[in-house]
Engineer: 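Below is one structure. I have some questions about it.
Just so it is clear: chains get the letters A, B, ... in the order the sequence lines come, proteins before strands, and each one is counted from 1.
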Amino acid sequence: MASISKSYESHDVERRWSADWRAADCFAGRVNPAKTPYTIMIPPPNVTGVLTMGHVLNNTLQDILIRRARLEGREAMWLPGTDHAGIATQTVVERELRKQKINRRDLGREKFLEKVWEWRDEKGGIILQQLQALGASCDWDRTQFTMDPRYSKAVLSVFVDLFQKGQIYRGKRMVNWCPASLTALSDEEVIMKPAKGLLYEVRYERVDAPGQFITVKTTRPETIPGDVAIAVHPEDPRYASWIGKLVRRPLGPSAEIPIIADAAIDREFGSGALKVTPAHDKVDFEIGQRHQLPALDVLTAAGVLNELAGSELAGMERFAGRKKAAELLKESGALVKEEPYDNNVGYSERADVPIEPRLTWQWWLKYPQVEAAKAVVRDGVIRFHPERWAKVYLHWLENIQDWCISRQLWWGHRIPVWYRKGLDKEALTAADLADPQKVHVSLAGPTDPSDWVQEDDVLDTWASSWLWPFATLGWPDQEAMAKAGHAYFYPTNTLVTGPDIIFFWVARMIMAGLEYTPADAPIEQRVPFRDVYFTGIIRDAQGRKMSKSLGNSPDPLDLIAKYGADGLRFGIVSIAPQGQDIRFQEDRIEGGKNFCNKLWNACRFRQMSGAMADNSSLAAVVARLDGPKFDADDHAILDRLLATTRAVDQALANFEFSNAVQALYGFFWNDFCDWYVEVSKAKLLEAATKDSCLAIQDLVLRQTLALLHPFMPFITEELWRLLGYGAEGTFLMRDVRIEDSSALMTEFANHGVQLDFAAATEVSQLKELTSKIRAFKADNGEAAKKDSELVVEASAEQWAVLELNLAKLKRMLGAASISRGELSPNASACVTACGTWNLIRQLNAGDAVAEKARLTKESEALAKHIAGTAARLGNEAFVSKAPPAVLDGARKQLADLKAKHAEVARLLSALG
RNA sequence: GGAUGCUUAGCUCAGUUGGUUAGAGCACCUGCUUCACACGCAGGGGGUCACUGGUUCGAGUCCAGUAGCGUCCA
């Protein structure tokens, strides 16, 4: 067997196991009716993406769930893939092409798409390799891409189906227009940002009464040429006589526009009058509709003022146009005032430019299954963790708006709609759209393609990823579904994602899942997942969101190089409390690495301590235990092992990942390494106790490695092999079944090992004694002294306990001897209370004075505490109302305190 | 404006149905190259639990309000 090196070197270990696991096909999920499946679909990262800290957290958690499920004997399947990310990818490739002085429009649609595919084949999906470096145990052979031909077919067939069901329609409506990407966006893709702008007060002169003006306030004077009316509230007395009159538009081609009355007007804002510009504002558009007003669009798609804006503004970019418009209004005297104004401006999520409300033809989806989608979350068929996100989800569904699913892009699923040649797309009526002679909608396309023109638009990316949980399993193709094991792996179990895409993705997947499963199937079979775990957002140390532009996001690959994948995983999980945002601090990752090293060295110590015996199975290790010869430490460490096993089980069942990590860390470092391994050093010197002690170490290490494996897969697999727990060709990650605490106890019982759970009390007393004596030695500058002569005052019973543990204590206390003594009144000696025992120590005169002061202080503190407890017990209300257990606790506490107080008094008097 | 989360040690955070003297990691101080580990060991200091009021025998924990920070929605 290879010996274990002095420190853990992650790089080689990770590379080696990555390769071995892949070669042995350890990640594959296969249909196996003898096992219960456990499925996770990865939230597909953008194909343009690179690994961020958010991905590290999210995917580590998924890998923990998947690896744990495997260890529990379930058929785990984690399906990976990438999202074609319409706008993002198209933007990246366009940028690349621009460097070569190539414009997408010059290239043409087909050639451009070829370029995108080339880019994707060459550079796309790097993130999947990065996930492999992190140790993600995805079933890589199942990797999916939302633009794969088969997946695309699923997307388009859903479009056709929903169209046929009447859920999809085409309409000319106000959309969020991105003037940079030249496409419509859904409401969810618009980010509201506070902006500092100017509010312009502009006056419009009455046509029939020159010299009389009505003023309005606007942030967008450049759209004045698009004004078609001024609106006031019908009950506003200030304007009662104005309604129906005409005013002159103060900018752009000269025009006279009416003053109209509309109840939607806010009388409190500005002068109570609103300029109505239906082409450039959603509210104005609605007012325009109510009053049959035209919409004058003064902007081009790219956000440049057009000829309708008038010769002075035409050709100007919208923000320059705004400035110019203000100047022109000033010159003509129409600008009354200009003041700073804070408001919220919608930005395009992708292009990060202000969006423009714009009237365009788009495809819209009336969401299916809205009520059912509410019910499954409300009724707990799907459980959100933390639960509070359910409220956010339900609120969105309550106020749901139709989804604009068309995008004016090339990269994406081209909408399977064909228009009869020669038809004016912009002039189609609802009847036209329903007429198969004029509009053809199908997967296959028309049989006479030359007579038709296909829709240019593609679908919103989310209109493909909302099918992810089942389209990745071959749906709707029966043969592909059978091959992928759809019937076995669907529905999936857990979704791990960020709350930022609860609307984009989670809600839509639930609706799609419900829509595309048989309505008569049990509801548990129709939802796409049962549990949704929402991670927190990783922020930098200052609490800012990590972003490329701020450059405040560490590169996870650098962190892997520095701390190891396991260190990174362990560290990030340890700082990821349930559902709270996370402030990233690199020292926590360093802590993860240090823990790896600790684990490594504890195993190294085991290897150096004695020959390896049969570790090949739990039964084999347990058979080596010599139960009847266990001392208190043996009982206690196994007791703690069982408790830790239970704590981890429970934490994982509740998605409390950081609690699981904390339980393992505390157990292994403090209970095992700092205490049990230290007491082992004496036990290993005795032939009588050596073998059983080594067996206990083997047992603890075995169980700890299994419990830790989901969190730190590489180092645990390596140590598993090095310590002989698994034979060549077998893997901890694939071939091992983790035991829960009751299985461990059964195994112990089978081999005649009966744990004494009371031993923990004795051990905690020994720990207190040890710690007190060490503190005493440290106080006296004897911390490193190896040959202290210690005298302990103890009753016969107490001494009997100490005697059993003398060898261990001597070693840990640096004592040449520990003997029993009695305190006699003598100014040069005193005792220190060490839990149940007292340490007698010799003092010189000066130290005696200090000791007296110390004891006096302690006595006073005790007296104060006693008074408090006594007062509590003296309170009749407390005695009559508190539960018996609490009452007993208080009484016992008082008795203990009094005993301690008396003891301190005795020591004081002994000091003279 | 509505919703929601947070405020506990110098920092980042735990603290499960209310119950002894509120915990961890890091940082800090002291000592130690002890035959697994200095990526370590031992010892130590450090907290009016944001504020105000209420409920209760008892509040970090429950309720109401206030302030500050954050997020989502409009």
Engineer: Please give the nucleotide sitting opposite B:A24 as a Watson-Crick or G-U wobble pair, both distances under 3.5 Å, or none.
Structural biologist: B:U12
Engineer: How far, in whole Å, is B:U4 from B:G40 if one measures between their P atoms?
Structural biologist: 44 Å
Engineer: Would you indicate what A:D896 reaches in the nucleic acid, counting non-hydrogen atoms under 4.0 angstrom: base, sugar-phosphate, or nothing?
Structural biologist: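 Nothing, no nucleic acid heavy atom in range.
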Engineer: Would you call A:E286 and A:R173 a salt bridge, using N to O less than 4.0 angstrom?
Structural biologist: no
Engineer: Check the distance between B:A24's P and A:N659's CG and give it to me in whole angstrom.
Structural biologist: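 After rounding, the gap between these two atoms is 15 Å.
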Engineer: Considering heavy-atom distances to RNA chain B, does A:N670 or A:K6 have its closest nucleotide positioned more toward the 5' end?
Structural biologist: A:N670
Engineer: From the set B:U34, B:G70, B:U21, return the single nucleotide nearest to any side-chain atom of A:L897.
Structural biologist: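 From the listed options, B:U21 comes nearest.
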Engineer: Grab the CD-C1' distance between A:E678 and B:C37 for me, whole Å please.
Structural biologist: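 After rounding, the gap between these two atoms is 10 Å.
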Engineer: Check whether any side-chain N or O of A:D281 sits under 3.5 Å from a backbone N or O of A:V283 as a donor-acceptor pair, and report yes or no.
Structural biologist: yes
Engineer: When the distance from OH of A:Y393 to C1' of B:C72 is rounded to whole Å, what number comes out?
Structural biologist: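 Those two atoms, OH and C1', are 17 Å apart.
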Engineer: Can a cation-pi geometry be assigned to A:K681 and A:F605, taking NZ or CZ under 6.0 Å from the six-membered ring centre and within 45° of the ring axis?
Structural biologist: yes
Engineer: Could you tell me the Watson-Crick or G-U partner of B:C69, where both distances fall under 3.5 Å? Say none if there is no partner.
Structural biologist: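 Paired with B:C69, as far as the under-3.5 Å criterion goes, is B:G5.
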Engineer: Does B:C41 have OP1 or OP2 sitting under 4.0 Å from an N or O in the side chain of A:W669?
Structural biologist: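 Checking A:W669 against B:C41: at least one side-chain N or O falls below 4.0 Å of OP1 or OP2.
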Engineer: The side chain of A:K881 lies closest to which of these nucleotides: B:C26, B:C37, B:C57?
Structural biologist: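 The answer is B:C57.
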Engineer: Roughly how many Å apart are B:C41 and B:C37, using the P atom of each and rounding to a whole number?
Structural biologist: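 B:C37 and B:C41 have their P atoms separated by 11 Å.
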Engineer: Looking for any heavy atom pair under 4.0 Å, which part of the strands does A:R539 touch: base, sugar-phosphate only, or nothing?
Structural biologist: sugar-phosphate
Engineer: Is B:U17 paired to anything, Watson-Crick or G-U wobble with both distances less than 3.5 Å, and if yes, which nucleotide?
Structural biologist: none
Engineer: Classify the ring geometry between A:W462 and A:W505 as parallel (under 30°), tilted (30 to 60°) or perpendicular (over 60°).
Structural biologist: tilted
Engineer: Compare the minimum distances between each of B:G70, B:C73, B:U20 and the side chain of A:Q893, then state the nucleotide with the smallest one.
Structural biologist: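 Minimum distance to the A:Q893 side chain belongs to B:U20.
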Engineer: If I take atom NZ in residue A:K777 and atom P in nucleotide B:C41, what distance separates them, rounded to the nearest angstrom?
Structural biologist: 19 Å
Engineer: If only side-chain N and O atoms of A:N597 are considered, is one of them under 4.0 Å from the OP1 or OP2 phosphate oxygen of B:G40?
Structural biologist: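 False: A:N597 side-chain N/O out of range (4.0 Å or more) of B:G40 OP1/OP2.
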Engineer: Which of parallel (below 30°), tilted (30 to 60°) and perpendicular (above 60°) describes A:W396 and A:Y367?
Structural biologist: perpendicular
Engineer: In whole Å, what separates the C1' atom of B:G10 from that of B:A27?
Structural biologist: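 The same atom, C1', in both gives a distance of 7 Å.
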Engineer: Under a 3.5 Å limit for both distances, which nucleotide forms a Watson-Crick or G-U wobble pair with B:G46, could you say?
Structural biologist: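 Checking every strand shown, B:G46 finds no partner, since no pair has both distances under 3.5 Å.
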Engineer: Starting at the 5' end of RNA chain B, which residue's closest nucleotide do you reach first, A:G591 or A:H395?
Structural biologist: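 The residue closer to the strand's 5' end, by nearest nucleotide, is A:G591.
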Engineer: The side chain of A:F878 is closest to which nucleotide in this list: B:G43, B:C72, B:G19?
Structural biologist: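 When the side chain of A:F878 is considered, B:G19 is the closest of B:G43, B:C72, B:G19.
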Engineer: Calculate the interatomic distance between A:E590 atom CD and B:G25 atom P; express it in whole Å.
Structural biologist: 15 Å
Engineer: Determine, stepwise, if the pair A:R702 / A:W720 fulfils side chain to side chain contact (heavy atoms under 4.5 Å, CB included).
Structural biologist: CA-CA 7 Å; A:R702 182 183 194 280; A:W720 188 265; 3.7 Å; yes
Engineer: Rounding to the closest angstrom, what is the interatomic distance between B:C69 and B:C32 at atom P?
Structural biologist: 48 Å
Engineer: For B:C26 versus B:G68, give the span between their P atoms, rounded off to a whole number of Å.
Structural biologist: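 After rounding to an integer number of Å, I get 36 Å for this pair.
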Engineer: Taking atom P of B:C72 as reference, at what distance in whole Å does atom CH2 of A:W396 sit?
Structural biologist: 16 Å
Engineer: Answer with base, sugar-phosphate or nothing: what part of the nucleic acid does A:V879 contact at a heavy-atom distance below 4.0 Å?
Structural biologist: nothing
Engineer: Take atom NZ of A:K593 and atom C1' of B:C26, then tell me their distance rounded to the nearest Å.
Structural biologist: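 In whole Å, B:C26 C1' lies 16 Å from A:K593 NZ.
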Engineer: Can you tell me the base-pairing partner of B:G40? Count Watson-Crick or G-U wobble geometry only, both distances below 3.5 Å, and say none if there is no partner.
Structural biologist: B:C32
Engineer: What's the closest nucleotide to the A:A602 side chain, out of B:G43, B:C72, B:A36?
Structural biologist: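 In terms of side-chain proximity for A:A602, the closest of B:G43, B:C72, B:A36 is B:A36.
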Engineer: Which class fits the ring pair A:Y533 and A:F657: parallel under 30°, tilted 30 to 60°, perpendicular over 60°?
Structural biologist: perpendicular
Engineer: Okay, side chain of A:R604, backbone of A:I4: is any donor-acceptor separation there less than 3.5 Å?
Structural biologist: yes
Engineer: Which is true for A:C673 with a 4.0 Å heavy-atom rule: it touches a base, it touches only sugar-phosphate, or it touches nothing?
Structural biologist: base
Engineer: Mind checking who B:A64 pairs with, Watson-Crick or G-U wobble, both distances under 3.5 Å?
Structural biologist: B:U52
Engineer: Between B:A14, B:A36, B:G43, which nucleotide gets closest to the side-chain atoms of A:Q662?
Structural biologist: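 When the side chain of A:Q662 is considered, B:A14 is the closest of B:A14, B:A36, B:G43.
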Engineer: Taking the minimum atom-to-atom distance to the side chain of A:R583, which one of B:G25, B:C13, B:C39 wins?
Structural biologist: B:C13
Engineer: Using a heavy-atom cut-off of under 4.0 Å over every strand shown, decide if A:T869 touches base, sugar-phosphate, or nothing.
Structural biologist: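 Counting heavy atoms under 4.0 Å across all strands, no contact is made by A:T869.
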Engineer: B:G58 pairs with which nucleotide, Watson-Crick or G-U wobble, both distances below 3.5 Å?
Structural biologist: none
Engineer: Is A:K598 near enough to B:C37 that one of its side-chain N or O atoms lies under 4.0 angstrom from OP1 or OP2?
Structural biologist: no
Engineer: Rounding to the closest angstrom, what is the interatomic distance between B:U7 and B:A14 at atom C1'?
Structural biologist: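 My reading of the C1' atoms in B:U7 and B:A14 gives 15 Å.
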Engineer: What distance, rounded to whole Å, do you find between the two C1' atoms, one in B:A59 and one in B:U8?
Structural biologist: 14 Å
Engineer: Considering every strand and a 4.0 Å limit on heavy-atom distances, what is the contact class for A:P883: base, sugar-phosphate, or nothing?
Structural biologist: base
Engineer: What nucleotide, of B:G5, B:C37, B:C57, holds the atom closest to the side chain of A:N601?
Structural biologist: B:C37
Engineer: With rounding to the closest Å, how many angstrom separate the P atoms on B:A67 and B:U52?
Structural biologist: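 Nearest-Å result for B:A67 against B:U52 at atom P: 15 Å.
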Engineer: Over all strands shown, is A:R606 touching base, sugar-phosphate only, or nothing at heavy-atom distances under 4.0 angstrom?
Structural biologist: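 Since no nucleic acid heavy atom lies under 4.0 Å of A:R606, the category is nothing.
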Engineer: Can you tell which of B:C72, B:C37, B:C41 lies closest to the side chain of A:D674?
Structural biologist: B:C41
Engineer: Does A:K391 make a side-chain N or O approach to OP1 or OP2 of B:C73 shorter than 4.0 Å?
Structural biologist: no
Engineer: Between A:F668 (CZ) and B:G40 (P), how many Å, whole number?
Structural biologist: 13 Å
Engineer: Any ion pair linking A:E590 and A:K562 (charged N to carboxylate O, less than 4.0 Å)?
Structural biologist: no
